[in-house]
Structures are given as C-alpha cells and as structure tokens.
Amino acid sequence: MTHVRPLANKLVPAAAALAAALVLAGCTPGTTTSDASGDAGTPVTGGTLVYASGDAEPSCLDPHVGGNYPQALVASQYLETLYTKDADGTLIPWLAKDSTVSEDGLTRTVTIREGISFTDGTTLDAAAVKANFEHLLNPDTASSTGYLALGKIDSMQAVDANTLELKLKSPDNSLLESFSMPWVAIESPTALKRSQAENCAAPVGTGPFKVESWKKQDAVNLVRNTEYVLPDPKAGHAGAAYLDAITWRFIPEAATRYAALQAGEVQLIDNAQPDAIAAAEKNTAIKHLDAPRPGASNRVELNSSKAPFNDAKVREAFVHAVNVNASIDSLFFGTAKRSYSPLSSVEPLAHSEESLFGYDPAKAGQLLDAAGWSERDSAGYRVKDGARLSLTFPVSTSQSIPAEQSLFEQMQATAKESGIEIKIKLLDLSSWYGELFTNNYNLVSAPYTKVGPGVLSILFHSDSTIPAPSGYFANLSQVKDPSLDVLLDTAGSTKDQAERKNLYAQAQQKVLEGYYLLPLYNQQNHFLYSEKLKNVGTTTAVASPTFFGTWLSN
Amino acid sequence: MSTSTATATPTRSPGFPWSTVRWLLGKLGGGIFVLWAVATAIFFGIRMIPGDPAEAIMGGPGSQASAEALAAARAQYGLDQPLYVQYFGQLWRLATGDMGTSYALKTPVAEVLGELIPPTLILAVLALLVAWAMALLLAVLSTRSGGLGTALGSGLEIVSAAVPHFWLASVLILVFSTMLGWLPPVSTNTPAGLVLPVITLALPLAGFLGQVMRDTMLEAQRSAFALSARARGESEVGVLLRHSLRHAALPAIALSGWAFGSLLSGAVVVESIFARPGLGRSLLAAVTSRDIPMVTGVALLSAAAYVVIMAGSELAERIADPRIGPS
Amino acid sequence: MSAAEPILRVTDLNVSFGGRSVVQGVSVTVNPGECLALVGESGSGKSVTARSLIGLAGSGSLVRAETLEVAGHDARNLSQRRWRTVRGRQVGFILQDALTSLDPLRTVGKEIDDALRVHSKGSGAERAARVIELLEAVGLDDPVRRAAQRSGELSGGMRQRALIASAIALDPVLIIADEPTTALDATIAASVMELLGGLRQSGSGMLLISHDLAAVATVADSIAVMQGGRIVERGPREQIFEDPQHPYTRALLAAVPAGKPRFTRLSPTAQATAATSSHSQPGEAAAPNGLPGAVVRPLLRARGLAKTFPLGKSADLTAVRNVDFELLPGRTLGVVGESGSGKTTTARMALGLLAPSAGTVEFLGEPWSSVPESARRPRRALLGAIYQDPLSSFDPRLSTGAMLADALSGGATRNPRAHVGEITELLAQVGLDAGLAARNPGTLSGGQRQRLAIARALAPKPRVLICDEPVSALDVSIQAQVLDLLDDLQRQLGLGYLFISHDLAVIRHMSDEVLVMRAGEVVESGATEQLFTAPQHEYTRTLLAAAPTLLGR
Amino acid sequence: MSIFQQSKPVGDPLLNPQKTHARRREATLVRRLAVRLPLLASAAVLLFFVLAAIAPNLLAPFDPLAINPAQAFSAPGAGHLLGTDESGRDIYSRIIHGARPSLLIGAAATAIGLGLALVLGTIAGFGGRWLDFGVARILEVLFALPGLLLALVFIALAGPGVATTVIAVGLTSAPGYARIIRAQIIALRTSPMVEAATVLGRSRSRILTAHILPNALAPITVLATLGLGQAILWAAALSFLGLGAPPPAPEWGTMLSAGRTYLSLAWWMTFFPGLAIVLVAAASTVLSRSLKSGGGQ
C-alpha cells in the first residue's frame, strides 16, 4: 500500500523512541490500558475530541477505495476488521469469531460474530462480509491495498448466516493478517449498494463512532455510535464510547499543528515532529504516543537494475560511505532508533543484521577502488570511463518528513567525502512516480505498510518488478533473484510457523547481504496529545489509534 | 457666454447613459474572451503536463489501478476521444455551466467550489478591508506628522510590502499563539481564528496600498484645490476627509484587480498554514494531483472574478472621477 | 481712496523659507471698494505675499510683519482656529486655473457649499439655494445643472466663475485674486475681469495679483510692482502707466507688445541684438520683405485645408475646415484664435505631421501634404518648428550640445565635439553662452530653453519656422527678448514664419499678415494693420475689444 | 515685531517651485538623515549582498555545505553568529552563499519578465492598432490568471528546479511590466519630443531606436530594481511550496522553508533567511523609489 501525505507535509517530522513505544504499540482495541504516565480517575462521558491530522485529506472515506494510511487512520474510528492484534501483537479474532483452513491450505472458513449491527441497522453476517470482499475485488471500486491483500481469493460462498467459505488460488498464510488491516474493514452491504460518491462521503460500519458529516478541506465530523457493541467483551467497558464526538481536522503544516495542540485548539495530533516530541517529553501538559507501523521498515532502496548499482561492490561501498547513525541521533532527538532490518521492529519475524551497515569510509574507498572507481575529477568525485560516480535520488516531498530530507542531505555530504555524488531531486508525488516508472533513479525511499512479513514478497519478489498498467511496481531495488523468489513463495504458503519464520529470516538475510537496501528506522508514527485526554494508546493492527475507551477530563 | 467653449472635455449630456451601456457590453465581450482563453490555455497547458489523467482519476500514479479500470475511467471522462472532440466538448460543457467532476474528490466541481468560495471570500474581503484601513491609517498618520513621520510611515510600508506571507504567518503563530497564547493558530469557528490569517494576508497588501495612497494623498494635500479649500476656511481634517481621502482612494480602487490576484495567491499559503478550507488550498492540491476539472474550475472562477472586479473598479473610477471619459 | 478703515494693512512684511528670504519689507494697504494690483514676474514673491495674508504661506515658512491687519484682525497672533473663521468668511481667495483649484472629484455645488458649511451658514436647503444664487450671480447659465457638475465638465471660464462664487459665498470684505485670468482665453478673461470689477463696486476691497500689467489695467485703482521680493514702485494706475519711475517698471511696460508696431524693440537693447548683430550683414536688415520687383514664390501654401477627427460612430469633430494661406520669404503669417479654434491642427498639417482630410499643402512649390513621409523627409530640414513647451520637445537624455550636434548632423552623431564651432555659433546666434552646451536643458530657464529650441530649429538651415505659441509660457520681459530674437533672425536669414498665438498683441506685433480663426474656420484674413484697424468680421471685433491694452496707448 | 511660524505642511510646491527649495534648505540635520538614511542603508544592504554573491568566501567564515551534526541547532552566539541549522551548518555562511542563487534567481526572473514585456510592449506600442489590440487581450488573459496558478502549472509542466522557477516567476511578472512599458512607449510615441524629431526629418526606425526605446528604458531600470525584490519574494514562495532550488543549495527561500519546521526550537533558522529576503526586497523598493523620483526631474 502506498500512503500519501500532502505536499506541505514535507515539513512534518516523526520519530519513535522504540523502548517506550513497544508497550503501547499493539494494544488491543478497546482494552482499557493505562498509558505510560498513568491515567487515574473515573472515565467521564461527553466532550468532543479534536484530532488534527497532518496527512492529506483522503478523497474517499471508504478505505476500500485506493487504500492509504490516512484513510486507515480515520476509518479506524467507524469501521472494524475481522481480525485485529492485541497488546502483545498477537492476532485475535474481532468481527470474526473464528477461522479454519483446510489441510491443502486452499479453503479458508471464517465464522462471523453474531449480534452485531451496522450503524444503518443492517445485520452483520456472512453475506455482508462476502459483499465486502466482492466490493474490494471489483475493479470498479479501484481498491489497491485491499485488492492486493485479497488477491489469492478465487471464489467465496456464504455457507450459512454466519459462515463464509473462501476458495484460494494458492495457499496464503498471511490472510488473517490481511483481514486485520483497515483497508479490508467490513462495511454495511446496504450502504455499499449506494453510489461510490455517496459511500465515499459517509461509509457505514460497526465502529464506536459514525460519520456524521464531511466538510471538505476542513473536517470530518464523527459522532458516537450509541448502539455500539464491543465484539470482544474482555476488550473494554460495556456500552458506547465515552466521547460524544470526534472532529477530524486536516492541518498540513506541522508547526501549525503543534501550535494548535499547545494552544488547546486540538487535543491530539499525528505526524508529530522529532523536536516537538522532544519538547513534549519535558512538558507535563502534552503526552506522547509512539506507535510504529507494521510491515516494512523505512529504508533507502538501491536500484540494482542499472549502473553503478548493478555492481554489488558499489552498493556495499555506498552503504559504508554514508553516516546514518550520527544523523539519526541529531535529527530525531532520540525518537527514532536505527533499524538494520527490512521489516518493522513490531514485526515478530523481523531479522536484523547490524554488522553489515557500519560507517566505514576506508572500506568504502577500497571497495570503490576495486570496482574500478579509482580516479577522481576536479570536484573530488570518483570517475570511471569518464563517467562520474553520481547517484540520482528522487525524493517525494509529500512522503518524506523534513528530518528525513535533512538525513538525506547529510548522507549526501558524507558520501561526497568518499567521492560519491548524490543528486537529490525534490519532487511532488506525481513527478516522483514519473521518475520511478521511467527507471530514472539510483536511490529511492518509499514507504510501505502491511501487516505481517508478507510485505517482503511485495517488495523483493521479482514478480513485483513487473509494472502494473499504471506503471507502478513495488520492488524498487529491482531484485531479481530466483532463489529469493522461491524462499518468499514457500514462506508465504507454508503452514508450519517455525519454517515460516526461518524462511523469512533467510530471505531478509539475503536482501541485506546483497545490499539492496539501507534500512533507516521504523516507519514513524508519533502522536502527541493533551494530558486532558485520558486512556489514549489503543491501536489497530496497523498502529492507527482508536478512541473507544478514551475520555476527556475536565 | 457668447464664445465657443470647445475645451478638451466635452460636456456630458444628461439622459440615458448610452456610453456606459456600450462600455459595459464591451467589458462583457472582453470578459467572455478572457474566460474562453483561460479555458483553452488550461485545457492544452494541463494536457502537456506529464502524467495520465486517468491515473489522477483513479487516485494517483501509486494506485495500481488495473488496465480495465483505467480504460473505464478514460471512457467515463471522455479521455479516449480525439483531442478536438474533448476540447469542444469541454467548451460546450463550460458554456452550459457544467464544470465537470473533480477527479480527486469525485464531486461536481461546481459543488466543491460552492463550498470553498465563502471561506476564501470572507478571508479575502476581510483582508482587503483591513489592508485598506491599515494603509489609510498609515498614510494619514505619516502625511500629518511632517517629514520624519513620512519617512517612518513610508519605511513601515516598504518593509510590510517586502514580508513574505509564509514567513509572517510563522512568526505570528510563534508570537501570538505559542508564546503569548492570545490567538488560535488554526482557523476556528470563532472570529478569533480569523485574526492571524487576515493579518498575514493584509499586512503586505497594506504596505503596497499604503505606498500608493500616501503618494496620492500627499499630492492632494499640496494641490491647488486643497489650498483653495483652506482659503475657504476648511480645517486640515476637513481637507483630509473631503479631498485627500477621495483622491487617495482612486489608485487603491484601480489596484483592486491586482490586489485580488495577490490575495488569491496569498490564500494558497495562508490557507495551508492556518488549515483553513478554501480556494487557495484546493488550487495547490488540484495542481499537484493533476485534477484537471478542479484546476480549470478554480482558474475560470478566479478569471471571472478578476474580470468582474476589474469592470467594477473601472466603473467605480468612472463614477468617482469624471476625468476618465468613455474610451 | 475712501476714508474708512483699511481692510488690509500690512507694513514691513518679510517671508522666508529656511533662512532664504522671499519677500522683504512689503507694505500694502487696501481700503474698502479699492482694488490694488500686485504685479511682478515669476519669482517676484507676489503669490507668497498673497498667501501670507491668509496665513497659508506654506510649511517651513517664517512670516514677520510690523503690522498685519486683515479685516480688523491682528493676523500676527491668530491661532489656526481663529484663522479659519477669517478665511472664506472675511477674506475670499481666488487662485489661478480653476481646473486645479476646484477638486476634480467633487461637484462645483459641493465646493461652493463647503464655504457656507464651514462657517455654518444656514441649513442644507438654505445653503443649496444660496449655491444656486451664487452661481447665477457669477453669470453661469443653468445654475442648477452646473451645481451638480464637476469642474472637469465645465469650460475654463465657467470653472473660474464657479471658483469666484466659492470665494464670494459669504460676501467677504477682502478678495485676494491670484492670477485669476491667466489661463483663460482673451474674451473670457475680459468677462471674468469685468465680474471681479463688479465685486469691487459692491464695497469689497480687492488685492489682484498678476504677472501681466495689461491684464490689470482695467480694474486696478493702484498698482504695486514687485521685483525680487520687494515692491519697487507703487502708485495710482495712471501714474504707473504714464509716468513710470523705476527702470524695472519701464522695462516691463516696454516689453508689452500691445501697440508696438512690427520690428519695434521690446527688450532693452542688450544681449539678443549684441549677439546677432555680429553675424548680420548690413544689407539684409534693410530688405526684410523680400526682393522688390522679383516674383516672390510662396514658401508654404495651403489650399482648402480641412481636418475632421472621428469621435465615435455618430459624430465627427471638425477641427479645421477650408483654410487657405500663403507664406512668403522673410514674412510672418500670424494665426490668431482662442483655444479650440484649430490653430494647432493647422500648424500640424502644415508641418506634415497630420494628413489633411481635404486640401493640400505645398512647400517650396512642391506637394508636401499629399506625398508620403519618405518623400517629405529630405526636405524636412527646410521646415523647422518651435513649440510652447520647448523642454518637452527635447530628449531628456541629451545635453544641449548633444542635441544641437544631432540636429546639425542630421542625426548622424550626438557627439558635440564633432560640431564644436557650429554649436558655439548657433548658441551665439540665439544669444546663449557657449558654456551652456555641456548643460542639460532641464537646468535652463524658460527663456533659455526657448532660445535653445530656436537654435535647434535653425541648425539644419531652414527656410520656414512654424512657431506654435512660442512665448505663451514666458514672462513678459523674457517674451520680449524672444520676440526680438525672432525678429532679428528673420531679418538676417530671410525666414518665413507661420506664427501661432492666442495673444492678439503678440500677433499684431509680429505679423505681416494675419488669419483670424474661430471654431476651425478662418473668419477673416489680411494685412495686419488693416485688419486690426478696420476689422470686418464681428468676431475679430470682439477679440480686439477683449484684448487688454495699456491705458492711454 | 512679532514672529510667527507655520508648522503644518500646507505648502504647494507645484504652484510655487521656489518654496520646495526653501523647504529643503530649511530641513534640519535629523530630517535630512530621516530622508537619506533609508536610501544609504538600502544601498549598503544591496552592496553587501552583491558582494556576497560575487565573492562569498570573503564574507563567510564557514563552508555552507559542511555538516556537523554535533553542532546542530546552535543558537546565535560567538561560534556561529546567526546560529546553525539542523545539520550543524552555519546560518550566516549559508545566507552569504545563498545570496548568489537568490539574487541570480531574482535577477534572471526579472530579466525574463522585462525582456518578454519589452517585446510585447514594443509590439503593442508600435505595431499598429490590431497588434496592440491582440497584445492587450493576451495581457488581460495573463492578468486574469492568478500568478501562482500560472507558476504552478508551468512548474508542473516543466518540472521543478531553479530554471523553471526563474521562468515561472518571469512569466508571472511579465504582464505587469508589459502594461507599463506599453503605456510608456505610447506616451513617448505621441510626445512633442518625437514630433520634434520627425520635424527634423528623422526616420521612424531612427526615432524608435534613438529616442523612444532609450527613454522607455529609463523607467525599466526603476521597474527592474523594484522587480528584483518582488521576484526574490516570489521565488521564495515557490521554494516554500517545495518547488525551488534542490538541496543542499543554500537558497534563501529553501532555507526559510526548511527552518519553518523548527520554528519553536530554533527560530533563527527561519528568522535570518527571512530577514535577508525582507532586507533585499525592501532595499530594492527604496532604491527604485528614489530612482523614480530622481529620474522624474
């Protein structure tokens, strides 16, 4: 999945202090857990939470359509998923009661919970879920994330009122993880029959809140679902949410957003910047929620399909020529921890290899000399056969926070000392995609969020180098390694958990050793909120916060 | 009087103002031409921008839309037809008042604009009024207080006019919201939320207007008719109110078309920073997401507004100043 | 003079600006019903004096006086607030050029009403009625409509009358009029003067300020002549005109062209003649009117000249119709008429700058107006022109020398060094110092500028000069010098002049033959003296009657 | 004898020119300074930045690109006069080195705008009724499009970058200039000066090249000076929107926009580049105004 932030949002930094974060990262929805500082007192009913999002305003509130992170954030308030993750990061059933898979892995049976209704009165049943899946798989819906997640479903059938049987094209051990993502959340089938424009404006779900109105470019107004039924009674208090309403505002400017929080105009902001987080740590009135996203880590990919990175030695030299750690320390104020894995640290199957990525200019020099880049031109850059060792680095201003852009600039400065030129091109999203589609890049940083290690297949399988009709492809380092493909295919279909873990570790080791990527840190997902807001910290499987148990103290 | 009085300015005959009607018709024709030219320029200009409009419809290049979906979108929006068919179809739809459906918002452009015009209009009109008031105040104060005051006022105006919107907005938020906590940094439903955006837009404009108004005001203060008025026993305040202000208003009226353009451009920045819904912010979003119908809609709207404002300001000038004859 | 208390009594008035003295030791007295004229050329301090009398000398001014009594007030110690009760109510002030003295953005009625309102005279309706009454009193027809019009919609004379109405709205005991008729055509100026004279009859005292002795001759009881900030001579009108004592007064009177026959010197026999006489041949001056006996071919000949300008779809403006004339070598053809009479349009057609709608112009016997500009260009050197405002006809980027070099070389060079000798000679010919060649024309005085314009016109050795109001913007003494210079040059070089002016006296002094134009038509033409002594046309007679003359001449 | 003085500005230099001189002479030292100081200060500011653009190494103590993460976000002080940015780079040195790209962008954009305007204005002012009509319509259309929209569409078309910014800003400013130049040329074409040249037998082309264009250029220098500051402002706005000079170039608009993120932490990152822009824009306005009043005499 791709996530889109607004252009001006390049000013938004985000970072994570991993140690403090893990406790909070995967809280069960609805579980009334205290956050780090401890919320004392009795919950109070009432009040409106003003949420300020730094992300682009979605063009559709239904996350089936397209499917990006901003949609997931807001949709988590009014839609629920079949599965979710608890505080330990364990997958648990939510709207689904249970699920089984046949021995050959080709038939998946899902039992749907009873007694739950959508906010338009429609009853949740197997037919409703089927209607959702059909909606996702219908090309007219133009789903991208959900469509990919359900890609292996061949056919489906509602066996009875609460049992749905899915036939798969090939075994898929990531399916339940996919079901936990808001992009495949379950909506009212009655509502789905409306036109797409209507459904985009006000999707109908089973969540603790419902969409009341949407004033474009201003706010989405959510009100409490008074009829809410918590699917898992152990997960929180009985009855409806404490908050009367949520005003979901879009404030693209990071500095403005933080100022609005300080001024009390809003109670919670996302995409908090590292310096603001650091300042908030010292401020008792503002609290911090760090919820790293699952799936891939934030990384720079090295395009192995063309010179000079078609030479593994040059890739390795590059990795040693840039000093990432010093930059992360100074730019992220301790809110982000260096990653050495292709996967997010919240993924249980993440595999790290720190020893491969040390800053070692001497070694970089040796490797480059050995690769034939021994001469230098007047500007001090290495040359080979008259060509400068120059790397094009398109950066999307809407997908990269300022601290990250500064990090790239600092990489640029340290690489220069080893005689490597990096040309950073700041581009708007369309132009940025244009550079990728025409293979006009040597380095690129693109986010990808998905629950589970299955994301590795999307990012590194050779199938993913084949562009979609739009030109899009996810394997941006353009790894085409048949042995890696086999590893990923097998890991994705095996029923043996131990084997799955082992195979994914091998696959990660392979891409790391091949220097196809330079891991940076987790995909940053920081929230700052007013201390008046109590019991914040429950999140969905994709680390989007939920507010069922949250209340506003006076 | 017996002799001929054929001086340069012909005496206007009372009765039906045919010349004004002719002038208005001319303006109308010119306005239609401008709208056509803007529509044409946007149509062809935006098609030269790299990127498939069908992708923009499907949610951007990262949408991984299927070939069928893209084809369907092309067919739905008529993008598979020859360019000239699209062009004339577009003109016909525009002429009949249909601005199409936004690619990104999937809502009729007219509807979106209808929602976005009021907030931008409120912002712009308030900013214009505040700018006028500030410019006037500066101009009056500096013309009334001698050489030193004039130098000071003029310096203040020049510096205000040189301040970038985005910088001013940042500094205002830092000082008045974060440090002093007096005003909200984002737009709210209360009037307080409008204060900072309006000041941000108004201050540089006031600098420009002030410079022009003070020059004219000084000229009027030193003119023969001001001397005549003083010789009649008129007080300095009377000269200011009855004569100088009128004259100072003329160039400010003439500049209103330009001021409108600058306000709209400023609104792009101000609406983004203060998180206000409005035309400026949507324009930026529409251009970056290649939302052709939205870009066309905003461009046509602002061109139409410009034409109307220019005609209005010319009319106001004609009414205020008989020296501007029918031309 | 009346025995009553004087309305204005000033003794030893001194005005200075930042240490620079502008008015020194001026003393004047005006009694009720009396008109005192303060006459002087630009820079003599007359306007500053007038403004000092109503406390409006200007910012940074320092006004000192032994006595300064205005309408019974000791004006030396008046506060601004008290001043405001005096201005307008007890002293009416009329400025020159009502186009700029009335606010162009406000209606005439409002401007007049202001005077009433400021001094709180009556209710709105009463004031409105009074405004109409006043407009009627100053002789405006249709006063209700006039009150609703703005100054730009009125003719010059109507405007001046409206301004007078605003000044006399409260029947002030003293009226100060600063050049009230300067910008007006002669016939209108005469009627405005008559109006002012009438006001004096009603008992108000009047201080009339003018640069033109002749203009005040009909109204003033006594005259004070100012020069360099001082009053150099004063006395009853007749005494000043008939027995002037001060040399400056005499020079001023001598400079007035009215009643001076052709080739009479107007300026003291100074620079102009001295400079030019060195070049003149003794024989030339004796034969100004061409060679006797020979058939004299006209230099410039116009036949049935007409010009219409399209105004709109409905109406055309006929600026000139059916004008014929011939200009002979060494002769001056004067064209006289009031503004809008088509003089300048005729001149522009003669110059080949404007294509006639009908008729032709021939120059040196060959077609001129009917041929393309490219055919005219080689002969242009023979046809020069000078204008009312010489400065605007100069390229501001060029120095005096560069401009003359350009004219001398036919545009080939602007380097004064290439033509040093000729430039010096030209400058000498028009009575200018050779040192001026390095200066920018903007730094020259008005008279010097017009001399320079003449020098430039002479550079390509023309046969004809077309002079469009060449002295209208000049002070009378400078005018005298320029007119003398033109006379000298004509006699030396045998030039033909087409001389255009609104000033009858100037035309009479300069011309051999005259065309009188009115509304685009020549109403009368003929030899100068004959035309002026026995005018045939009604309009010519009106013009003559309105032209100011010095008493007893 | 009593003395009274008028202090209110009620003079009329138009009717009485000698009074203006008098007033000038009367000016006290303070007043003279108040009038001259802005001009002197403006000239000094522009000279300083032009020097910075020509020889940045003379004025800048540090390498504008040298990163030093350990020194990041240092407040203004002895070590770093105007503080450091998020990469520990010296703000003062970056402003000095940023003078060249910023002034060049401003100058080039103004040159393009004026060049385009000169062509359009000359065609309109000299090309006869129909050409004038056509150009007037083109200008009207360009005016009717908001400047930022024009720039955004152009940048979207040509891709972001310094060259694009320059052209976009130039394009945006051209109609305003063209209108003034056209009016100027028409005024000159019908001026007594040109009539006098015609009477002296000068050809049309000679009049155009020797009189009209040189005299039309005089106000253009005024426009150019004023335009320089405005173009820098515009370019900074585009940089702010992320469409300006690529990193790590020390361009003022880019610096300003990068600093905005850290406003509450390190105000100097935003304040000083902004100040540089304000100073140059204001100084160019002051200079242009004095050129204008000087040229008018």
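Numbers restart at 1 for each chain; the letters A, B, ... are given by sequence-line order, proteins then strands. All figures in this text were calculated on a predicted structure; none of them were measured in a lab.
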Of the non-hydrogen atoms in B/Ala231 and C/Ile54, which two are nearest, and what is the gap between them?
CB-CD1, 3.8 Å
Non-hydrogen side-chain atoms of B/Ser235 and C/Gln80 separated by less than 4.5 Å
no
Could you grab the distance from atom CG of C/Leu105 to atom CG of B/Leu245, nearest 0.5 Å is fine?
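C/Leu105 atom CG to B/Leu245 atom CG measures 11.5 Å (nearest 0.5 Å).
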Side chain proximity check, B/Arg242 to C/Asp103, heavy atoms < 4.5 angstrom:
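Sidechains of C/Asp103 and B/Arg242: no contact.
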Is C/Arg117 in contact with chain B via its backbone, its side chain, both, or neither, using a 4.5 Å heavy-atom distance?
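Interface part for C/Arg117: side chain.
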The interface call for C/Val86 against chain B, heavy-atom contacts under 4.5 Å, is neither
Less than 3.5 Å apart, which donor and acceptor atoms pair up between the side chains of residues 166-174 of chain C and the rest of the protein, not counting sequence neighbours?
from	atom 1	to	atom 2	distance (Å)
C/Ser166	OG	C/Leu163	O	2.8

Go through B/His243 and C/Glu111 one step at a time and tell me if the side chain to side chain contact (heavy atoms under 4.5 Å, CB included) criterion holds.
CA-CA 10 Å; B/His243 302 279; C/Glu111 292 271 284; 2.9 Å; yes
Give the minimum heavy-atom separation between C/His119 and B/Gly233, together with the two atoms involved.
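Taking every non-hydrogen atom into account, NE2-CA, 4.1 Å.
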Exercise: identify the closest heavy-atom pair between B/Ser228 and C/Leu95:
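Reported closest heavy-atom pair: OG-CD1, 3.5 Å.
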So, taking the atom named CZ in B/Arg232 and the one named CG in C/Leu116, what distance separates them when rounded to the nearest 0.5 Å?
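Going from the CZ atom of B/Arg232 to the CG atom of C/Leu116 covers 10.0 Å.
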Considering residues, nucleotides and ligands other than C/Arg82, do more than 12 of their heavy atoms fall under 6.0 Å from its CZ?
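No, CZ of C/Arg82 has 12 or fewer neighbouring heavy atoms, counting only those of other groups under 6.0 Å.
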Ion pair check, C/Arg87 and B/Glu234, cut-off under 4.0 Å:
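No, no charged N to carboxylate O under 4.0 Å.
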